[in-house]
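Quick caveat: nothing in here was measured; it's all calculated off a predicted structure. Per chain, numbering begins at 1; letters A, B, ... match sequence-line order.
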Amino acid sequence: MSKKVRVRFAPSPTGGLHLGGVRTVLYNYLFAKKNNGDFILRIEDTDQARYVPGAEQYIFDCLKWAGLEPDESPLHGGEYGPYRQSERKEIYRQYAEQLIKDGQAYYAFDTPEELEKMRQDFKTEQNPSPQYDHSIRMKMRNSLTIPAEEIKKLLNTNTRYVIRIKMPEHETVSFTDMIRREVSFDTSVVDDKVLLKADGMPTYHLAVVVDDYLMKISHAFRGEEWLPSAPVHILLWKYLFGLNAMPQWAHLPLILGPNGKLSKRDGARYGFPVFAMNWTDPKTGELTEGFKEKGFLPEAFINLLALLGWNDGTEQEIFTKEELIGKFSIERVHSGGAKFDYEKAKWFNHEWIKRTEAGLLKSGVRNLVTAKGVIISEEALLEKVIDLVKDRCTFLTDFYDQSVFFFKTPEQYDLNAVKPKWNEAKQLFFTEVIRDFELNNDWKEAVLEKDFKEIAAANHIKPGDVLLPFRVMLVGGKFGPGVFDIAEIIGKKETINRIKKALDAFNN
RNA sequence: GGCCCGUUCGUCUAAGGGUUAGGACACCACCCUUUCACGGUGGUGAUACGAGUUCGAAUCUCGUACGGGCUACCA
C-alpha cells in the first residue's frame, strides 16, 4: 500500500518567477495530476532580509496564468497549513532542540565577524573557501568546545546563537534519485550547516525536511543546484523522522541561458524573457518583461517548458496539458542541463496560435488591439479576421500589425514598393477600377477579383503589376492575406476611399 | 581548490550492444504563390577524446578533457 502522492513547489518570494521555476511547477503539477495526487504550494519566506513585497502574489498570478494552480496553498488553504514558513516559525525549534539532545546538532555562538575571520585565517591556495566543518568546529565557539555550565549562562543571558548540524566524519550518504539513480556523498566534505538562525527562523535545510514531513510530501522535486546539500537533508530525515518516511527525490536538470544557469538578475539581458509574467522590482522600479506580455499563449508556454528536458519517446512535440498529464513520467526527464532556445520557443507559440480556434483567441486579441486604440464594431468580423491572419502571427502581439488595416485606413504607405514602377497607365487602371466598384452590387471577393482582372486585361496590364499597388492601397505595406478578401471585409465604401486616398499619395 | 552532476547535429532531443545514428527548431535550396506568411520537397550538420569489455559499443567500465552546479545565519 503506497501512500498518497503529494508534491510541493516551494519558492521563496524574492522576485520574478523564471523559466526554471515554472518548469519545476509544471513537473510537480503533471506528476500530481497523473497520479491523482495533490500539488501544494508552500512559501519559503524564512529570510526576512530578502523578502520582497508583492512577490508572493506575483507567484500566484503566474501559476494562474499558466493554468497550474495548486490544490493547497496560502491562498487556497488545506489541511496542512499554514503554508507560509514564516507563520510556522514556532514549529521548527523543537526539532532543532531534539537534534541537540540527540547529539546530532550543537549551539554555535560565533558572530558573523568571527566567521569571516575564520574564513580568512584558514584560507589557503589549496582551500580557498574553508567551511565550518569537522576539521574546524573544535576551533570555534560552540557547545562542543565550551563547557556546559558556560553554555547555560550564555543561553540564559540571551546571547545570540545558531544551531548547526554536526556532520558525521566519515560516512557515505547515498540515495536513489528518480532521475539520476544512485548518488552518494562523503559526509566529511560537507559542512555543519546552520539549521536554526539567530533570529529564530529555520534555514531552508531544516524547514524543507520538517515541512515535507508534516505536509506528508511523497515526492520532492527541485533543481539540480540542491544536489550538493542533499546529504544534509537525508541525514536530517534519518535523525528526525526515519528514512522510511522520506519522500523520493528527483533533482531536475538546470535550464541554462547563454552563459550558464538562468538567473533572476539577468532579466531581459538575453533579448528574450526569462520571467513568466512582467515583474517590476519594487525597489528600483525596473520592469522585466514576461512571456505573457511578450505575447505567449499559456498553452504554448507550458508545452515548450515540458519539452525542455523531457519527451515521451515519440516524435510528438505539441502537447495539450491533458496529454502531458497522461504521458508525463519523471523517469524520462533528462539528467543533463538544457540550454534555452528562444527560436524554438517562438516556434511553439506560433504552432499554438495556428492551432487555436479564432473564437478562443478572440478575447486576448481584442484586449490587445483595443488597448492600442482600435475600435471593434463587430465580434463576428474580428473572428473572421483572426482566422485570416493567425498563420502570420508568432506572438499574440503580432495580431495588431497583422490586422489593424481591417479596422483603420492606413496612414502611411510603403511607397518604395510602388512608386518606382508607378505610371499613368496604372493610374488610369485604378480610376477604372473605382468606376467599376462604384457600380458593384455584389461585393464578394470572387466578383471583385474577376472584375479587377478583366479591367487589367482590357488595359493590357498584367494583373501582377497592379495587385501589389492595390495591396499597398488597402494595407499600407506588402503583407497580409489575399487583397480581395481584405476588400470584401472592409466593404465597398472603404475600399474605394482607400484607393482614392492612396492615389493621391502615389502621385505626389 | 574541493565536492557533486553532466557530455549525440549550432540548439532541444530519439536510439538503453547490431539502425545508412531518427525527429524538431534554426539555416540553405527548390515548389506553391498577387505580397507576407502557411504548406510541400530536398539539403548542410552530431555520438568530446583515449583505453578497455565484446564477434559487435553512441549505448557497459575506467581515465582525460570540457561544461555546469554547490562551497552563506540565501533559497
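Here A/V194 lies in heavy-atom contact (under 4.0 Å) with sugar-phosphate atoms only. At a threshold of 4.0 angstrom between heavy atoms, the contacts of A/S129 include nucleobase atoms, whether or not backbone atoms are also involved. Across all strands, A/R181 comes closer than 4.0 Å to no nucleic acid atom at all (heavy-atom distances). As judged by a 4.0 angstrom heavy-atom cut-off over every strand, A/G477 is placed among residues making no nucleic acid contact. Among the atoms of the strands shown, base atoms are found under 4.0 Å from some heavy atom of A/A198. Using a 4.0 Å heavy-atom cutoff across all strands shown, A/K346 reaches no nucleic acid atom at all.
Taking the six-membered ring for Trp and thresholds of 30 and 60 degrees, A/F221 and A/H219 have ring planes inclined between 30 and 60 degrees apart.
Rounded to the nearest Å, the gap between the P atom of B/U59 and that of B/U19 is 13 Å.
Separating the CG atom of A/D312 from the C1' atom of B/A15 is a distance of 14 Å, rounded to the nearest angstrom. Going from atom NZ of A/K478 over to atom P of B/A37 covers 10 Å, rounded to whole Å. Rounded to whole Å, atom P of B/U35 lies 12 Å from atom CZ of A/F484. For the pair A/M167 CE and B/C4 P, the computed distance is 13 Å after rounding to whole Å.
Comparing atom distances between the A/P228 side chain and each of B/U71, B/A14, B/C70 picks out B/C70 as nearest. Here B/C4 is the nucleotide among B/A75, B/G1, B/C4 with the atom lying nearest to any side-chain atom of A/F185. Counting only heavy atoms from C-beta on, A/K344 has its side chain closest to B/C25 among B/U7, B/C3, B/C25. In the set B/G1, B/C4, B/A75, the nucleotide with an atom closest to the side chain of A/V183 is B/C4. With distances taken from any side-chain atom of A/E449 to the nucleotides B/A75, B/U34, B/A24, the minimum falls on B/U34. Considering only the side chain of A/E317, B/A24 comes nearest among B/U34, B/C73, B/A24. For A/L467, the side-chain atoms get nearest to B/U34 when compared with the rest of B/G69, B/U34, B/C73. Comparing atom distances between the A/L115 side chain and each of B/A75, B/C73, B/U13 picks out B/C73 as nearest. Among the nucleotides B/U7, B/C73, B/A24, the one closest to the side chain of A/P112 is B/C73. With B/C73, B/U11, B/C38 as the candidates, the nucleotide lying closest to the side chain of A/R119 is B/C73.
For B/C9, the glycosidic angle deviates from 0 by more than 90°, giving an anti base.
The phosphate of B/C74 (OP1 or OP2) has a side-chain N or O of A/K197 nearer than 4.0 angstrom. A sub-4.0 Å separation between OP1 or OP2 of B/A75 and a side-chain N or O of A/H205 is absent. Residue A/S12 has no polar side-chain atom (N or O) positioned under 4.0 Å from OP1 or OP2 of B/C74. Within the 4.0 Å cut-off from OP1 or OP2 of B/A14, at least one side-chain nitrogen or oxygen of A/N311 is found. Contact check, A/R471 against B/C36: no side-chain N or O comes under 4.0 Å of OP1 or OP2.
Heavy-atom nearest nucleotides on RNA chain B were determined for A/L256 and for A/V483, and the one closer to the 5' end corresponds to A/V483. Residue whose closest nucleotide on RNA chain B sits further toward the 5' end, between A/L227 and A/L254: A/L227.
Seen from the ring of A/F479, A/R392 does not count as a face-on cation partner, given the 6.0 Å and 45° thresholds. Taking the centre and axis of the six-membered ring of A/F395, the NZ or CZ atom of A/K294 falls inside the cone set by 45° and 6.0 Å. Both the sub-6.0 Å distance and the 45° axial angle are not jointly satisfied by A/K426 relative to the ring of A/W422.
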Determine whether A/T172 and A/S174 satisfy the following criterion, side-chain hydrogen bond (donor to acceptor under 3.5 Å, both in side chains), listing intermediate values before the conclusion. CA-CA 6 Å; A/T172 299; A/S174 58; over 6 Å; no
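Using Watson-Crick or G-U wobble geometry with both donor-acceptor distances under 3.5 Å, B/C36 finds no partner in any strand shown. Base pairing analysis places B/G16 opposite nothing; no Watson-Crick or G-U wobble pair with both distances below 3.5 Å involves it. When both pairing distances are held under 3.5 Å, B/A65 makes a Watson-Crick or G-U pair with B/U7. Across every strand in view, B/A57 sits unpaired, with no contact that passes the Watson-Crick or G-U test at under 3.5 angstrom. Across all strands shown, the partner of B/U41 is B/A29, judged by Watson-Crick or G-U wobble contacts whose two distances both fall under 3.5 Å.
In this structure, A/F470 has its ring center under 6.0 Å from that of A/F452.
A/E56 and A/R84 are joined by a salt bridge, as a carboxylate oxygen and a charged side-chain nitrogen come within less than 4.0 angstrom of each other.
Applying the 3.5 Å distance criterion, the base of B/C5 shares no donor-acceptor pair with the side chain of A/R180.
Residues A/Y161 and A/D110 have side chains that never bring a donor and an acceptor to within less than 3.5 angstrom of each other.
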